[in-house]
Amino acid sequence: MSNLSSPHFHDEEAAYAYVEARIWPNGPVCPHCGGVERISKMQGESTRIGAYKCYQCRKPFTVKIGTIFEGSKVPMRLWLQAMYLIAGSKKGISSNQLHRILGVTLKTAWFMSHRIREAMRSNDMAPFGGNGGAVEIDETFIGQLKGVPKRRAFHHKMKVLALIDRDTRQARTMVIDDVNAKTLMPLVMQNVAREARVMTDEHSGYRDVKHHFAAHGTTSHGRGEYVNLEDRSIHSNTVEGYFSIFKRGMKGVYQHCGEQHLHRYLAEYEFRYNNRSGLGIEDSERSDRLLMGIIGKRLTYQTASARA
């Protein structure tokens with residue numbers, strides 16, 4: 001039987017029950033006052049599926065309040081289908097494809113996609129390499145900055161920095177303004193533990209890394225060196241592999257991305273990488289982990305359109 005045959009993908013009450021069981025494992029919690037005791041399901045008072053009333057603050061609510069679902073008229077079962085499809089698509093799934101599969105408008109599919117990417121955004125800022133392990137760092141360029149004329153090299157492109165912790169096998173990505181030492185070093189200092197061994201290419205922006213961390217290994221891509229022959233642990237091939245998946249998806253699936261949207265696309269690829277099959281996390285568990293990120297990340301259409 002297909003995973004998409006599960007009841008919560010087709011029945012609205014089952015969809016609400018599925019979300020509630022994961023968001024409220026110990027029972028309903030009022031999003032207005034935080035109460036957990038004097039809460040009961042609304043029966044004759046409301047025809048809304050999943051409606052509760054808190055008798056501490058006297059306000060009604062559903063599990064959608066305070067989440068990416070708030071204010072949405074899209075059925076919960078379609079939200080869960082969209083989350084499963086996005087979480088399970090290694091290189092992403094376009095809004096056009098979601099629009100055709102789910103039977104919603106293209107505008108709705110686009111907005112759902114951005115809300116789901118917002119839920120994928122991680123708030124974990126613990127430094128990488130805290131156990132003295134290796135942390136690979138690299139930057140890449142994609143697309144074109146709006147209003148910036150096309151020039152040689154990367155000056156007209158959007159810039160992305162990525163870090164990979166080899167021990168935890170986790171990635172962290174961010175949009176950056178430039179690739180000079182003034183921009184890169186503060187970010188490296190914020191995201192990497194001092195006892196880490198840092199691996200980069202020969203880029204001059206990392207020239208001061210050796211003064212702040214346990215070790216700094218470099219390879220010279222310009223000379224065709226991708227693994228240090230004397231110490232084969234010195235390379236940045238893992239982060240390069242991460243970028244290859246990201247770029248294939250951005251160019252082959254999404255094709256275009258404005259600068260104001262890039263950070264959420266980065267969150268999408270980062271989430272899937274950090275919850276990948278190679279770590280023993282398959283599609284159903286990955287979509288459940290995505291579901292746990294919906295709280296406190298409401299995104300209005302105006303915000304998504306203006307800033308994304």
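If you read the sequence from its start, that first residue is 1, and numbering goes on from there.
When only modelled atom types and interatomic distance are considered, H99 and T105 share no side-chain donor-acceptor pair under 3.5 Å. Residues E268 and Y273 bring no donor and acceptor atom of their side chains to less than 3.5 Å of each other. Using modelled atom types, one finds a donor on one side chain and an acceptor on the other under 3.5 Å when comparing N3 with Y84. There is a side-chain donor-acceptor pair under 3.5 Å between T173 and E270. Counting only N and O atoms by type, the side chains of N275 and R286 include no donor and acceptor under 3.5 Å apart.
One N or O on the side chain of S122 and one on the backbone of D124 form a donor-acceptor pair closer than 3.5 Å. Looking only at distances, a side-chain donor or acceptor of H32 sits under 3.5 Å from a matching main-chain atom of P60. Side chain of S287 to backbone of D283: a donor-acceptor contact under 3.5 angstrom is found. Put simply, the side chain of H10 gets close to the backbone of L4: a donor and an acceptor are under 3.5 Å apart. A side-chain donor-acceptor contact under 3.5 Å links Y254 to the backbone of I93. In terms of modelled atom types and a separation under 3.5 Å, the side chain of S94 and the main chain of Q97 share a donor-acceptor contact. Using modelled atom types, one side-chain atom of R166 and one backbone atom of S233 make a donor-acceptor pair closer than 3.5 Å. One N or O on the side chain of Q81 and one on the backbone of F9 form a donor-acceptor pair closer than 3.5 Å. A donor-acceptor contact shorter than 3.5 Å links the side chain of K247 to the backbone of F141.
Within 6.0 Å of the NE2 atom in H256, the count of heavy atoms belonging to other residues, nucleotides or ligands does not exceed 12.
Judged by the 6.0 Å distance and 45° axis criteria, R22 is positioned over the aromatic ring of Y18. Cation-pi geometry between R117 and Y265 is met: the NZ or CZ atom falls under 6.0 Å from the ring centre, inside 45° of the normal. A cation-pi arrangement is present between R172 and F128, with the terminal nitrogen or guanidinium carbon under 6.0 Å from the aromatic centre and inside a 45° cone about the axis.
E118 has a carboxylate O that lies under 4.0 Å from a charged side-chain N of R121, or vice versa, which qualifies the two as a salt bridge. Using a 4.0 Å cut-off between charged side-chain N and carboxylate O, E12 and R77 make a salt bridge.
Across all their heavy atoms, A82 and M112 have their closest contact at CB-CE, 3.8 Å. Nearest heavy atoms, T183 versus D178: CG2-O, 3.3 Å. Of all heavy-atom pairs between N274 and A171, the closest is OD1-N, 2.6 Å.
Under the 30°/60° scheme for interplanar angles, the aromatic rings of F243 and F246 are found to be tilted.
Looking only at side-chain heavy atoms (C-beta outward), T218 and D201 stay at 4.5 Å or farther from each other. Using a 4.5 Å heavy-atom threshold, the side chains of C30 and R38 count as separate. Between H221 and E225 there is no side-chain heavy-atom pair separated by less than 4.5 Å. Between V63 and Y16 there is a side-chain heavy-atom pair separated by less than 4.5 Å. Taking the side chain as every heavy atom from C-beta outward, L279 and Q170 approach each other to under 4.5 Å. Using a 4.5 Å cut-off on side-chain heavy atoms (C-beta onward), V19 and L80 make contact. Looking at heavy atoms from C-beta onward, M189 lies in side-chain contact with H212 at the 4.5 angstrom threshold. By the 4.5 Å heavy-atom criterion applied to side chains, R272 and Y269 are counted as neighbours.
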* To do: Kindly determine whether L106 and L98 satisfy side chain to side chain contact (heavy atoms under 4.5 Å, CB included), including the steps that lead there.
  => CA-CA 8 Å; L106 178 57; L98 284 178; over 6 Å; no
* To do: May I have the step-by-step check of side chain to side chain contact (heavy atoms under 4.5 Å, CB included) for R48 and T62, ending in yes or no?
  => CA-CA 9 Å; R48 287 188 301 162; T62 70; 3.9 Å; yes
